[in-house]
Amino acid sequence: MTDTTPALMWFRDDLRLSDNPALTAAAQGGRPVIALYVLDEDSAGLRDMGGAARWWLAGSLRALGAALARSKVQLVLRQGPAARVVPEVARAAGCEVVAFNRRAGRAEARVDDEVEALLEKQGCAVERHLGQLLHQPGSVRTQAGGMPRTFSAFQRSALRDRPAPLPQRAPSLTGLKTRLESEDLDSWQLEPSKPDWAGGLRESWKPGEAAAHEVMSDFIDGGLSGYAEGRDRPDQIHVSRLSPYLRFGEISPRQALAAVLHAGEAGTAPMADARKFESELYWREFSYHLLHAVPDLARRNLQANFDAFPWRECSGDLKAWRRGLTGYPIVDAGMRQLWQTGWMHNRVRMIVASFLCKHLLLHWTEGESWFWDTLVDADPANNPASWQWVAGSGADAAPYFRIFNPVLQGEKFDPKGDYVRTYVPELAHLPRNLIHKPWEAGGLELAQAGVRLGITYPRPIVDHAAARDRALRAFEHTRKDTRAAG
DNA sequence: GTGGTTTTATC
DNA sequence: ATAAAACCA
């Protein structure tokens with residue numbers, strides 16, 4: 001006997017068919033499935049997606065729609081507040097069950113509660129699953145029962161009851177005979193048209209579940225060996241590039257972890273590298289743990305003593321940072337990689353973030369907002385948590401005196417200057433001993449490289465030593481303020 | 001004195 | 001993480 005009453009699968013940040021607990025639950029017993037995605041820009045408190053993430057979402061929904069269509073399942077696209085749309089579609093399809101995977105944000109949870117209440121009123125059961133994280137946010141506790149405050153305490157606690165990394169296969173799906181009303185993806189205008197700035201994104205990325213698994217295989221066959229060290233090198237290939245796929249759930253953390261650990265156990269890659277990757281996945285878990293505890297993570301300093309920090313306001317400096325025109329090659333290369341490809345290597349993210357917060361003394365929220373708008377992997381938990389970590393206001397933040405020297409960082413992690421040459425082509429002909437500090441080049445060397453400082457490439461907008469002193473003084477100032485206030 | 005390495009201070 | 005100070009050959 002198969003159940004012929006259809007179930008509704010409400011897709012959100014889990015745009016995949018495999019290892020999707022809510023989808024598996026919806027398809028249980030062979031009952032027909034209706035798939036729904038709601039573009040909700042109306043419900044209170046939800047953060048509107050940034051431009052690059054919207055571009056990604058369009059490609060991802062197209063891929064998901066095509067994959068579902070192969071199983072004759074319709075992906076219904078609807079725009080509007082979820083509390084109106086979801087019950088409406090459930091009623092139109094005659095569903096008695098609605099399944100979805102939980103979201104971590106408080107506003108999102110509020111929307112989900114409202115949807116659930118309305119669905120139950122119309123006789124529809126709701127099933128919530130854990131699909132986007134290894135651990136349910138809020139569930140990881142220290143042995144004493146408290147909330148772990150630092151990453152290492154969090155990871156230690158979480159690994160005490162390590163979830164079995166056994167990803168599920170995609171369920172076999174059956175569709176409905178009848179078609180439901182659906183909107184045209186193009187009418188949502190998720191992709192830019194005038195101007196079309198997405199050329200670099202199209203060249204760099206292929207959204208969708210199938211592509212996620214290709215990227216993961218490439219990583220395991222290529223960059224995973226040597227990941228622990230190589231992940232800090234923007235000139236090398238030792239990073240997974242899975243972040244946007246994880247952000248939109250085109251691959252689950254459980255799938256990524258299982259694949260990498262399997263490679264470690266099979267001897268394809270050193271286990272130490274696999275463990276390092278696991279640890280990076282746990283940074284993501286920790287960010288969601290923080291978001292769960294502090295819903296306004298993107299606005300509020302986790303360390304209250306940062307509320308008095310004397311941030312500067314300078315639209316010129318902010319603009320130079322955004323455009324990659326600070327005069328520090330490694331910073332500018334990173335900011336241009338971001339602008340061109342919608343992504344930045346993690347080591348370089350830390351360098352540019354440190355530069356914004358410490359050298360320029362601009363508020364970390366300015367950087368967080370820019371990343372939110374320009375990253376294809378812009379993540380509601382990772383992005384603010386990582387910015388706070390760099391700024392020093394975070395839970396288990398980098399100590400304030402950790403001020404990156406952009407020259408030393410460049411020389412250490414991009415020793416030949418290949419990364420700079422790729423994204424700052426006007427410096428491409430400088431020799432490697434000068435590429436991270438063109439202002440130290442002599443007139444002849446500059447002329448030979450075709451660089452005219454201040455014309456073809458800017459001089460540094462701040463002097464490193466002076467900026468470092470200023471940042472240390474600013475921190476001291478806040479410390480005194482806090483004491484006086486306390 | 002020099003050049004390189006190690007130690008310490010920054011909170 | 002960095003930079004200055006201390007150390008050493």
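Proteins get letters first, then strands, A, B, ... in listed order; numbering begins at 1 in each.
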Of the options R103(A), E108(A), Q132(A), which is the one that meets R12(A) in a side chain to side chain contact (heavy atoms under 4.5 Å, CB included)?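 Of R103(A), E108(A), Q132(A), side chain to side chain contact (heavy atoms under 4.5 Å, CB included) with R12(A) is met by R103(A) alone.
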Candidates D307(A), N301(A), L302(A), N305(A) - the one meeting side chain to side chain contact (heavy atoms under 4.5 Å, CB included) with S393(A): N301(A)
Going 5' to 3' along DNA chain C, between which two nucleotides do contacts with chain A fall, using a heavy-atom cut-off of 4.0 Å? dA1(C) to dA3(C)
Which whole-number value in Å describes the distance from [X] [atom1] to [N] [atom2]?
X       : N       : atom1 : atom2 : result
R402(A) : dA9(B)  : CZ    : C1'   : 15 Å
K358(A) : dC11(B) : NZ    : P     : 13 Å
R468(A) : dA9(B)  : CZ    : P     : 15 Å
L472(A) : dT10(B) : CG    : P     : 11 Å

Test of understanding: with ring pair (Phe, Tyr, Trp, His ring centres under 6.0 Å), list the residues that count as partners of Y227(A), not counting sequence neighbours. F219(A), F277(A)
Is it true that E368(A) and R47(A) make a salt bridge, defined as a side-chain N closer than 4.0 Å to a carboxylate O?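 A salt bridge links E368(A) with R47(A).
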Tell me, please, which residues at least two apart from E426(A) pass salt bridge (charged side-chain N to carboxylate O under 4.0 Å, His left out). R336(A)
On a heavy-atom basis, the closest approach of Y288(A) and P137(A) is O-CB, 4.1 Å
